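Atom set for the values below is all heavy atoms of this structure, side chains included, hydrogens, waters and symmetry mates excluded. The structure displayed is predicted, hence computed values, not measured ones. First the proteins, then the strands, lettered A, B, ... as listed; each starts at 1.
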There are 2 protein chains.
Amino acid sequence: MAAASRILRGDTNEFSVATCDRVLAAASSLGWRRNLLVRGVQTGRTQTIGVVVPPYDSFWVGLLSGVNSGLARADYLPINVWPGDTDNMPYFESDEEEGVRLMNRLLDRRVDGLILWPPFALAYAKHVAELHDQTVPVVVIDYHADALRSDTVATNETQAMRTVAEHLLALGHRRFGYIGCRETSAQTWALERRRGFEIALDGVPGVSYRRCKLNRRGSNGLDVATRLLQGGSAPTAVVAATDHEAVLIYQAAAALGMKIPDDVSVVGFADLDFAAGMIPPLTTVRQRASELGRQAASLILGRLDGSIAGSSRHDVRVDAELVQRRSTAPPRSDQPRQRRAANSSRIRRQRRSSSE
Amino acid sequence: MAAASRILRGDTNEFSVATCDRVLAAASSLGWRRNLLVRGVQTGRTQTIGVVVPPYDSFWVGLLSGVNSGLARADYLPINVWPGDTDNMPYFESDEEEGVRLMNRLLDRRVDGLILWPPFALAYAKHVAELHDQTVPVVVIDYHADALRSDTVATNETQAMRTVAEHLLALGHRRFGYIGCRETSAQTWALERRRGFEIALDGVPGVSYRRCKLNRRGSNGLDVATRLLQGGSAPTAVVAATDHEAVLIYQAAAALGMKIPDDVSVVGFADLDFAAGMIPPLTTVRQRASELGRQAASLILGRLDGSIAGSSRHDVRVDAELVQRRSTAPPRSDQPRQRRAANSSRIRRQRRSSSE
DNA sequence: CTGAAAGCGCTTACAG
DNA sequence: CTGAAAGCGCTTACAG
């Protein structure tokens, strides 16, 4: 019995070949299959990680894929759940109750660790003892806050935005616009990203900069994008917080009769699945989504096997790379390209440009 | 002990209030949490479903979301895994070995049922005893084959394509093109979808029809799309197997200097997340992805609780609805709009048009 | 190298 | 209504 148990788990070289064969043959003829539940009860390890990350877009799917393959190498399985429906993503911060229920479902099944998407990390810790006690290792994605004790994995926003700024400056742009997504307190990446761009521009002579962002529900996107492109000091290059906002700039430009990149250059962020298919193909920052996922898996696995020890937090930052496609070009050097001067009064309250 | 077990599971009304309070108080002060692993060992039910479906695009994500919420209502949890990396989706049919390993990992953890993406369903059954014996209920998504004994859930392709054909015919189109994705033997939906369109066109007087499809790796998409739009009998309306192929038509049209919908109308399929953001916004068929997922969850749950019994296969078909946006309009009634007659020789071998 | 024994944290009949 | 007993399918020391 004990021998069989060990042989079936692979300890074949501690036993005689005959015994091994006998056990293995019996097992396969009986259609035996190991029961990881029992092992979980005995050892306290289920080789299972709860992943509370909604697959909002292809970035998150890529991340999930990385988590998947990172865990697979150690024979771990992810259990991916999230509160709410994808239909009203990403507006489910309020579903705290459902989220806590979800965490409990995961913990009832004795997941060995947890990978969490930012809005949930802090909220759940208040309600779920295991999180607060740090009984179960937790990795949070794309989030940074001093109050957080869990390990984190995120894109190196500052580095990424510097490559964007350098690219546009090298093309000759000096009048910049930035269109941000909503910035909730959970979206520290959004703040870091924008600040990263602003820092990279800081001190460069002759630069003007104008920024806008969507409202909380993101419902005013086209308005905001349209206004950004108009007026006397309109930018020659617009940087978007993500490829989603870059789409808004494309739409606004089309409505205004402006051509990309002739009239305005556009840079996205994420390199989502549709970015290469846009017309023109979008220049954007490729986040290494699956690498982020693999890093998250490694952190969790490291905490579990003890190779990462100590109570100090580990913050992994992954660099991202600019993908130059057709949406960026040098600014027009000829006449100021404004077509709708009549509308310029609407943007008078914007930050003054140094180039007019 | 037995009483505590029952009370903790919610049988509070069979016991005195005092006992219940005592048990509940003790449980919470001890930080007790139910252990579903043990219950799984005892009852043979883990309340866990293996979902082998790669989140290839927002359709599959929506489906996964539906599975999630469908299972959640019964306090079941999905374990979503897939072979390979998202980076080289959807070209992982060949990963049979890794897929089988994945199935075994799932079964070792005693999932109660399985939801499978088409290419895997048949391949795995050969290697995994539980699938072949039908010990574990299985639902296959978007697949149809007589050899298959599992229940299935799919979009009603025929109905969906009829609404597409009716829409275009009502606008006045008679010259049609169809751009298909690759059609592997696992993609029965692709065949049904195309046949659905062809059937809807069948017998309508004065109709011409020309079709093309991508190669197995999908690498010749732009070429194929470009050729479809050119030549003497070029279509005034193109229907795409999915929104992905519609993007190719947009790109080809842009390269040829053709305007959508003025020069050619385009209809997609799926209503993926980027479809509404395309320029112009894409008319497409909205597949009810999360409804498909919920139906899959219901089928599994029904098999498990016995409300769906018998060995006959259940095939659920979900209707889809046309979303009219700006990429379709009546055909130009004036001059034939061909701009590159010089290229027309390249498409001579195509099916002849009845309108020239 | 190989067996018999206890135990993981419950659940399920079965007595009181 | 409430306890003592057996057992789920293993794993883990511990003897032979």
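- For A:Asn35, there are no side chain to side chain donor-acceptor pair (under 3.5 Å) partners two or more places apart in sequence or in a different chain.
- Legend: residues meeting side chain to side chain donor-acceptor pair (under 3.5 Å) with B:Asn156, ordered by chain and number and at least two apart, are B:Asp319.
- With sequence neighbours excluded, no residue forms a side chain to side chain donor-acceptor pair (under 3.5 Å) with B:Ser312.
- Look at B:Trp32 and you'll find a side-chain N or O under 4.0 angstrom from OP1 or OP2 of C:dC10.
- At whole-Å resolution of the value, CZ in B:Arg110 and P in D:dG9 are 9 Å apart.
- Helical stems in DNA chain C, defined as runs of 3 or more consecutive Watson-Crick or G-U wobble pairs with both donor-acceptor distances under 3.5 Å, are listed by first residue as C:1-3 with D:14-16, C:5-12 with D:5-12, C:14-16 with D:1-3.
- Rounded to an integer number of Å, the gap from CZ of A:Arg45 to C1' of D:dC10 is 19 Å.
- Atom-to-atom, CG of B:Leu37 to C1' of C:dG7 comes out at 16 Å; the value is rounded to the nearest Å.
- Residue A:Arg39 has its side chain nearest to D:dT11 when only D:dT11, C:dC10, D:dG9 are considered.
- Legend: residues meeting side chain to side chain donor-acceptor pair (under 3.5 Å) with A:His314, ordered by chain and number and at least two apart, are absent.
- Proximity note for A:Thr43 (side chain, C-beta onward) versus D:dT11, D:dG9, C:dG9: the nearest is D:dT11.
- Going from atom CZ of B:Arg33 over to atom C1' of C:dG9 covers 15 Å, rounded to whole Å.
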Salt bridge (charged side-chain N to carboxylate O under 4.0 Å, His left out) assessment of B:Arg110 paired with B:Glu130: CA-CA 11 Å; B:Arg110 295 296 187 271; B:Glu130 284 85 344; 5.9 Å; no
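- For B:Trp189, the ring pair (Phe, Tyr, Trp, His ring centres under 6.0 Å) test picks out no residue, with sequence neighbours left out.
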